[in-house]
Amino acid sequence: MAGEDCKISAEPDPGRRHLTFTSVTSITTSTPMAANAPIGVFDSGVGGLSVLRHIRACLPQEALLYFSDAQFAPYGGRPERQIEERALAIGALLAAYPVKALVVACNTATAAAIAALRRAYPALIVVGVEPGLKPAAASSVTRVVGVMATEATLASTRFAHLRETLSAATGVTFLPMACPGLALRIEQDQMHLPESLALLRRCVVPLLEQGADTLVLGCTHYPFVQEQIAAIAREQVPRNVTIIDTGAAVARQLASQLDRHGLLRRQSAPSIDGLTSGSAADLERAFKRLLGLTVRVVQTGI
Ligand code: DGL
């Protein structure tokens with residue numbers, strides 16, 4: 001059962017598949033127990049909530065388990081190896097529940113660790129988030145696209161490969177823009193401060209000045225300042241500026257993979273639980289402030 005706004009492509013059911021989880025158990029995918037397991041979603045902090053809201057809309061019957069690695073946020077300035085270590089530790093924690101799928105709701109962790117996560121959990125559905133260069137190239141009229149993301153995402157081999165492939169295929173110029181400090185300000189609910197808006201302007205204006213008519217939100221924290229970005233674009237240039245967020249596409253991709261493996265929850269029993277390496281009260285407040293949801297959060301030892 002999928003939400004109205006979430007079309008699942010009809011692909012053949014490959015039949016039963018065996019999922020093995022690290023510590024506790026193993027489950028067979030087409031059993032009701034497996035389908036009833038939660039979907040694990042994680043990010044360095046609150047950014048992944050911008051993806052979780054699309055997952056909720058797309059798969060309203062599912063149980064969701066959100067992990068915020070607030071104690072180690074932001075990931076954006078950290079070395080790739082450290083981000084991979086954190087992602088594997090979080091993967092192990094969530095796989096042990098067990099979850100039936102893992103959504104890496106973080107561009108930075110996807111770039112650094114999705115390959116390692118897939119190697120560690122070969123039978124688990126693992127869905128990542130990447131800057132939406134492809135839809136941006138399709139929408140751009142000026143053929144210039146700005147890509148706002150963390151330093152680590154923009155420095156990754158994965159991003160370099162995506163950028164080169166799409167530039168070669170479409171002739172579009174992609175302008176990378178690292179926005180150090182922006183994710184942390186969103187994380188700490190500081191976007192009402194004038195210096196936060198000044199920082200956002202310093203990220204957005206140079207992209208518009210170089211001709212970008214499409215801006216990719218390549219960090220899952222950034223959809224929470226999408227309106228401020230749109231306002232800067234409106235006052236800066238006369239042309240229409242399209243802003244690309246891949247949250248809905250990620251939710252559709254997750255739904256389609258669950259469907260393909262017979263893992264969509266049949267009975268509606270929606271729930272959201274929160275876990276964090278940081279402060280439980282902070283994440284509870286963020287659920288309320290950003291999504292209007294009351295969620296119980298537990299602090300974990302990892
Ligand atoms: N939300 C994350 C992303 O999509 C990471 C932000 C950070 O921790 O620096 O890249």
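Values below: every heavy atom of this structure, side chains too, minus hydrogens, waters and symmetry copies. Sequence positions, counted from 1, serve as the residue numbers for this chain.
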Let me check something: do [X] and [Y] share a hydrophobic cluster, defined by ILVMFWY side-chain heavy atoms less than 4.5 Å apart, either directly or through other members?
| X | Y | value |
| --- | --- | --- |
| I243 | L290 | yes |
| V104 | F159 | no |
| L291 | I272 | yes |
| L154 | I229 | no |
| F67 | V99 | yes |

* **Among R289, K288, R285, salt bridge (Lys or Arg N to Asp or Glu O under 4.0 Å) partner for D189** => R289
* What pairs with P79 under side chain to side chain contact (heavy atoms under 4.5 Å, CB included), at least two apart in sequence or on another chain? ->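 Applying side chain to side chain contact (heavy atoms under 4.5 Å, CB included) to P79 gives Q82.
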Heavy atoms, side chains only, cut-off 4.5 Å: are [X] and [Y] in contact?
| X | Y | answer |
| --- | --- | --- |
| R86 | I302 | yes |
| L264 | Q61 | yes |
| E195 | Q190 | no |
| P223 | R53 | yes |
| C219 | T153 | no |
| V204 | M148 | yes |
| P206 | M177 | yes |
| H54 | V250 | no |

Would you compute the distance between atom [atom1] of [X] and atom [atom2] of [Y] and round it to the nearest 0.5 angstrom?
| X | Y | atom1 | atom2 | value |
| --- | --- | --- | --- | --- |
| T108 | D43 | OG1 | CG | 8.0 Å |
| S167 | L133 | OG | CG | 7.5 Å |
| L65 | L102 | CG | CG | 10.0 Å |
| L49 | I55 | CG | CD1 | 10.5 Å |
| Y222 | L215 | OH | CG | 12.5 Å |
| N107 | S156 | CG | OG | 9.5 Å |

* Is E85 paired with R81 through a side-chain N to carboxylate O contact shorter than 4.0 Å? ->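 Looking at R81 and E85, the cut-off is met.
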If only atom types and distance count, is the side chain of [X] paired as donor or acceptor with the main-chain N or O of [Y] below 3.5 Å?
| X | Y | value |
| --- | --- | --- |
| T220 | A105 | yes |
| R234 | V241 | no |
| D245 | L217 | no |
| R118 | V126 | yes |
| K100 | A35 | yes |
| T110 | E130 | no |
| S140 | A137 | no |
| Q257 | Q253 | no |
| Y121 | A92 | yes |
| E80 | A152 | no |

A quick test of your reading: do over 12 heavy atoms of other residues, nucleotides or ligands sit less than 6.0 Å from [atom1] of [X]?
| X | atom1 | value |
| --- | --- | --- |
| R56 | CZ | no |
| E227 | CD | no |
| R296 | CZ | no |
| H192 | NE2 | yes |

Nearest heavy-atom neighbours spanning [X] and [Y]:
| X | Y | result |
| --- | --- | --- |
| C203 | C179 | SG-SG, 3.0 Å |
| P131 | V147 | CB-CG1, 4.1 Å |
| F224 | S50 | CZ-N, 3.4 Å |
| A63 | R265 | CB-NH1, 3.1 Å |
| G274 | V295 | N-CG1, 3.7 Å |
| G132 | V216 | N-CG1, 3.3 Å |

* Asked: Is R163 positioned over the aromatic face of F174, cation under 6.0 angstrom from the ring centre and no more than 45 degrees off axis?
  ->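 Because its charged atom misses either the 6.0 Å distance or the 45° angle limit, R163 does not stack over F174.
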* side-chain contact (heavy atoms from CB on, under 4.5 Å) partner of H261, chosen from D259, L263, L258 -> L263
